2 protein chains.
Amino acid sequence: MKDVASRAGVGLKTVSRVVNGEPGVTAGTRRRVQEAIDALGFRRNDSARVLRKGRTATVGLILEDLADPFYGPLSRAVEEVARAHDTLLINGSSAHDANRERELALALCARRVDGLLVVPAGTDHRYLEPEMRAGIATVFVDRPARAVEADTVLSDNHGGARAGVAHLIAHGHRRIGYIGDVPGIHTSDERLRGYRTAMEEAGLPVRPDRVSVGSTAPQRVRRAAEEMLDGPDPVTALLTGNNRVTVTVVRVLAERQPHRPVALVGFDDFELADLLRPAVTVVAQDPAGLGRVAAQRLFARMAQAELEPSVVELPTRLVVRGSGELPPVD
Amino acid sequence: MKDVASRAGVGLKTVSRVVNGEPGVTAGTRRRVQEAIDALGFRRNDSARVLRKGRTATVGLILEDLADPFYGPLSRAVEEVARAHDTLLINGSSAHDANRERELALALCARRVDGLLVVPAGTDHRYLEPEMRAGIATVFVDRPARAVEADTVLSDNHGGARAGVAHLIAHGHRRIGYIGDVPGIHTSDERLRGYRTAMEEAGLPVRPDRVSVGSTAPQRVRRAAEEMLDGPDPVTALLTGNNRVTVTVVRVLAERQPHRPVALVGFDDFELADLLRPAVTVVAQDPAGLGRVAAQRLFARMAQAELEPSVVELPTRLVVRGSGELPPVD
DNA sequence: CTGAAAGCGCTTACAG
DNA sequence: CTGAAAGCGCTTACAG
């Protein structure tokens, strides 16, 4: 910038004005400066700009795994909102690891992102309190923070699971199993609670051998499903707690064809669910909606730091396709 | 940092040493500084650091759409390589728009990312030459840059499509159609070329009414498929040019069941392809491999700017599942 | 072992 | 309309 100024024979500030399209420069001067810029191949360094301005025009998004199809649309929706605010997005995957989440979040804060969106992997987010006090706007998505009061955008996990099980009950099922994710994860706990609620509302027993929570690794899910299907008092229907679980259970059921058909409702929609036979009935979340609403809240808070923390819960939607409407077969 | 120094009664440089864990500070001094840091809630500002150091420890990745399942694993693989180099990743979606690609790339360059990975949407990348000359390492992924010589990592699109069509021919098909993406996109052109090569090698005619390229919008693909299936001289097999096209064609074929079965090989693998009936035979790319290899090349170039530009082509893999082995039915 | 000065590349506040 | 000075928050190069 100094070189441009001396080459154009003007002051530093004039170059700055031209580069930023500010008024108060005669056409002639502007042209001379522009020529110097072109000749020297000058490109403004936004890092230096940031240092003076105090805003980085960057927000961070920490999620579990960018390769999971649930997070692609979520991240993309955040990006679109950020773009509308001329802001770039730094993505980071915690890989389901609380330490990695923390490292990433603090690295983003050290870069002074203007805002931070976090899908919590960890169970204690007090480490973010100093950052939030220091002015980094923070919104939690998909799961609430633990031990910290902050803006949060969730799906109605309890209501969705409850509706899914009620649907199975309405189709005559009484022996319904639940296979879900690791306990302690908010979404996982809420969906299990929804299962319990629906069962209790129908006066049905919640038997421990019909509830299996743990890793979503195919091996574990497969074993859990087989135990429920092959026991002495086998289930006639299943609710699966997320898309990873659903996919494995669909595989297990497909292998058993043309055995006794088992009804299935999956939490989370997935591509091609309608093309499977039977097509899979799901409780659909809106990942893009989660991202959009959370990002909008983030920018609102960035503009107005003194907002009261709010919790928003987005509705889920039961998508009827066939697998959830199979009648019970003993 | 100034406040910390005066509170601890030391110089600025000593604080810097403590913050960065550099040697040459007595334990007592270190402790005093640390106490001041804690008391004041000091957090180093990495933006300022960047300005002095010249490195931002950030790389950018521009792809088409983060919500597309092809790019999730690719982006994630880049992130892992970046993480191994203590570098953050800024993602940006061009949304298939050349102008948006350019805006994003230049915005990332203005922030002085150390490196840039680009899945080209545009057809002329000369706009990046000044940035590359100025020292921003750049690698193109999945498609080559136009009008610029640079590192490039591709899939073997021609070979993959050729193998897919040869597979259909080996199963007795002679009337084989190709439905692909917009012409002008490198991957699209190469796959079409692979189709032609295989047909010509078998002495089969490449008829214009059996080749349809254009938008991957379901509506267009559906019409293209129906024309080839319902014409006077209908195809007995199809090669689809990417995952978006495959999904739509699978839908069309499923709706026509139990009509005359049509063989299908899809370019790109997709989740649950094995659960469809028939399971879908595909030419699988390795999106994570593309991301990994490209990112490794990027960091190699960042370390050693004078490397000769190279082009790497990753192999594809034919995954036999059933749809590609259906015999021709007239 | 420790620190004062200069500087990274911009913008802000002010004066002319 | 234009520019010189100060400063954003660090690190580098050097001296003590």
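Computed from a prediction, not measured in an experiment: that's the story for all the values here. Throughout, a chain's letter reflects where its sequence line sits, starting with A, and its residues are numbered from 1.
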(request) Please say whether more than 12 non-hydrogen atoms of neighbouring residues, nucleotides or ligands are located less than 6.0 Å from CD in B/E149. (result) no
(message) Surrounding CZ of A/R102 (heavy atoms of other residues, nucleotides or ligands, distance under 6.0 Å), is the total greater than 12?
(response) no
(message) Between A/S93 (side chain only) and A/L66 (backbone N and O only), is there a donor and an acceptor less than 3.5 Å apart?
(response) yes
(request) Without swapping roles, check the side chain of B/T187 against the backbone of B/I185 for a donor-acceptor pair under 3.5 Å. (result) no
Under 4.0 Å between any heavy atoms, over every strand shown, what does [X] touch: base, sugar-phosphate, or nothing? Just pick one.
X	value
B/D46	nothing
A/R43	sugar-phosphate
B/T29	sugar-phosphate
B/R44	sugar-phosphate
B/V50	nothing

(message) Here's a test of your reading of the structure: between B/T26 and B/L51, which maps to the more 5' nucleotide of DNA chain C?
(response) B/T26
(message) With rounding to the nearest 0.5 angstrom, report the CD to OG1 distance, A/E101 to A/T123.
(response) 9.0 Å
(message) Measuring from atom CG of B/L74 to atom CD of B/Q285, what distance do you get when rounded to the nearest 0.5 angstrom?
(response) 9.5 Å
(request) Please report the C-alpha distance between A/V15 and A/K2 in whole Å, then the side-chain angles of each, then the deciding distance to 0.1 Å, and finally whether the side-chain contact (heavy atoms from CB on, under 4.5 Å) criterion is met. (result) CA-CA 9 Å; A/V15 178; A/K2 216 163 36 181; over 6 Å; no
(message) Here's a test of your reading of the structure: between B/E22 and B/A48, which maps to the more 5' nucleotide of DNA chain D?
(response) B/A48
(request) Please figure out whether B/K53 or A/K13 has its closest DNA chain D nucleotide nearer the 5' end. (result) A/K13
(request) Indicate yes or no: at least one non-hydrogen side-chain atom of B/V59 is less than 4.5 angstrom from one of B/F299. (result) yes
(request) Report the stems of DNA chain D as range-with-range entries sorted by first number; a stem here is at least three consecutive pairs, Watson-Crick or G-U wobble, both distances under 3.5 Å, and write none if there are none. (result) C:1-3 with D:14-16, C:5-12 with D:5-12, C:14-16 with D:1-3
(message) Need two values: the first and the last nucleotide of DNA chain C, 5' to 3', having an atom under 4.0 Å from any heavy-atom of chain B.
(response) C/dC1 to C/dG9
(message) Given B/R76, which partner from the list A/N91, A/D65, A/D68 fulfils the side-chain hydrogen bond (donor to acceptor under 3.5 Å, both in side chains) test?
(response) A/D65
